[in-house]
Each structure stands twice: as structure tokens, then as C-alpha cells.
Amino acid sequence: KNQVEQSPQSLIILEGKNCTLQCNYTVSPFSNLRWYKQDTGRGPVSLTIMTFSENTKSNGRYTATLDADTKQSSLHITASQLSDSASYICVVEGNQFYFGTGTSLTVIP
Amino acid sequence: EAGVAQSPRYKIIEKRQSVAFWCNPISGHATLYWYQQILGQGPKLLIQFQNNGVVDDSQLPKDRFSAERLKGVDSTLKIQPAKLEDSAVYLCASSGTGWAQYFGPGTRLLVL
């Protein structure tokens, strides 16, 4: 069964700290993996897109990694800011898009 | 470039009423998606259009949901009649020739 699982479900960190979000998937065939940031009341916004051959991709303070062998991805946020508070959704594209349920991140001052 | 536009942003209706949502994708994007996002969950694809043709509507509850994209540009999603469990955010997204999928702000529906 094609699934995308994210952990943790929610996370609270202090401003300035780093954090890592996890995404495990069982989607096959695999085309690409995407990380989205979704602010409350808004649509998701793309952070990174990685294909099978890409191990890491950065977008500012966001760095995503992909291990296609173990079917795992992580999103690392460096020096968190209050504006990073949002849901982070992992999406795997195979024959269709498979969405994780997201990690809710809260950054507190 | 202008993003994906959706309207209305919010809608409150009573069960058994009808409701329609509108989406205008990014200019030139051939692919348009409608998603349903229930609170605390990831988006679920309802229907995918390629120009004015349906690519995937396998998860669309066709007894009450319908969608069209007659001219291959903007699209409408209709629910008739609405049920309590239809309360959710309805997201429209579009994509062009590249990988990226761009989402609109969503329409938040509350069915009472």
C-alpha cells in the first residue's frame, strides 16, 4: 500500500534552535519527493523537490535529504524563526500524489 | 506572476444545501487539481484535469461532488447536497510543464 508517514505529529521549539522533521514512504513507483510549508489558513507552498538521484537540497534555512534506498526523507530547519510556525507536509509523487498528514511546528520566543 | 485564485475564501451552509467553489489557475498551467483537506490531515486529491479533460477522479464522491473545467482554464467544484462530513478546506492547485505544483489559498467550508 502506498503511504507517506511523517513524524513527529507536532513539535514545539525555541526560536533560534534547529529541528528535523521525518518522512517515511512506501510509494512505488517513485518519481519525486516534495516538502511543503502550509501556514494556517493558507495553501501549501513548495519548499523543495527531490528526484531519485538527489540526496540533499537546500532552500535558505531549509535543507531536505532523501535516502531512496531506505525510502526516508528529512527536512532540517536551521536557526528557527517565529515565522517557521506552520504545518510541514511531505508529498511523494508516484502514479499520483501521496500526501503525509504533516508535522505541526510551533516556534516560541 | 499571479498565483492560483480561489473564491469564496469562506462558506457556511446548512446540510443538504448546495455550494460551488471557483478556481482560476496560474496562466498557462494545463494541469489543475482539486483537493479536500480535513482538519489535521493532508490534502486528498478529488479530481485532476489536464486542460479540459479529467485525468483522475477516482476519489471524487460522484454522487454529490462534481467538477468541470469547460474551457481548460478556470474550474468549478460543486457539492450537492452537502453533508456534515464535507466540512473541510478545498484547495485548488495548478502545474505547468515543470515539477512545481502551486496551491491557492483554499476555500474553508463549514456545513452545519
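Proteins get letters first, then strands, A, B, ... in listed order; numbering begins at 1 in each.
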Interface moiety of [X] toward chain B, non-hydrogen atoms closer than 4.5 Å:
| X | result |
| --- | --- |
| A:Ser87 | neither |
| A:Gln9 | neither |
| A:Gln96 | side chain |

Answer with yes or no whether the hydrophobic clustering places [X] together with [Y]; edges join I, L, V, M, F, W, Y residues whose side-chain heavy atoms lie under 4.5 Å apart.
| X | Y | value |
| --- | --- | --- |
| B:Val89 | A:Phe99 | yes |
| B:Phe65 | B:Ile13 | yes |
| A:Val4 | A:Val91 | no |
| A:Ile89 | A:Tyr25 | no |
| A:Leu33 | A:Tyr62 | yes |

Sorted by chain and residue number, the ring-ring contact (aromatic ring centres under 6.0 Å, His included) partners of A:Tyr98 (sequence neighbours excluded) come out as none

If you draw a 6.0 Å radius around [atom1] in [X], do more than 12 non-hydrogen atoms from other residues or ligands fall strictly inside?
| X | atom1 | result |
| --- | --- | --- |
| A:Ile12 | CD1 | no |
| A:Lys57 | NZ | yes |
| B:Leu39 | CG | no |
| B:Glu68 | CD | yes |
| B:Lys71 | NZ | no |

Below 4.5 Å, heavy-atom pairs only: which of B:Cys92, B:Pro43, B:Gly104 has the largest tally toward chain A? B:Pro43

Option in B:Gln6, B:Arg9, B:Gln37 with maximal non-hydrogen atom pairs under 4.5 Å from chain A: B:Gln37

Picking from A:Pro44, A:Gly102, A:Gly41, which has the most non-hydrogen pairs under 4.5 angstrom with chain B? A:Pro44

Are side-chain heavy atoms of B:Gln101 and A:Glu93 found at a separation under 4.5 Å? no

Nearest heavy-atom pair of A:Gly43 and B:Leu91: which atoms, and what distance? CA-CD2, 3.8 Å

Using a heavy-atom distance cut-off of less than 4.5 Å, which residues of residues 105-112 of chain B contact chain A? B:Pro105, B:Arg108

A:Phe97 and B:Tyr35 aromatic centres sub-6.0 Å: no

Heavy-atom distances under 4.5 Å only: say whether B:Gln48 touches chain A with side chain, backbone, both or neither. neither

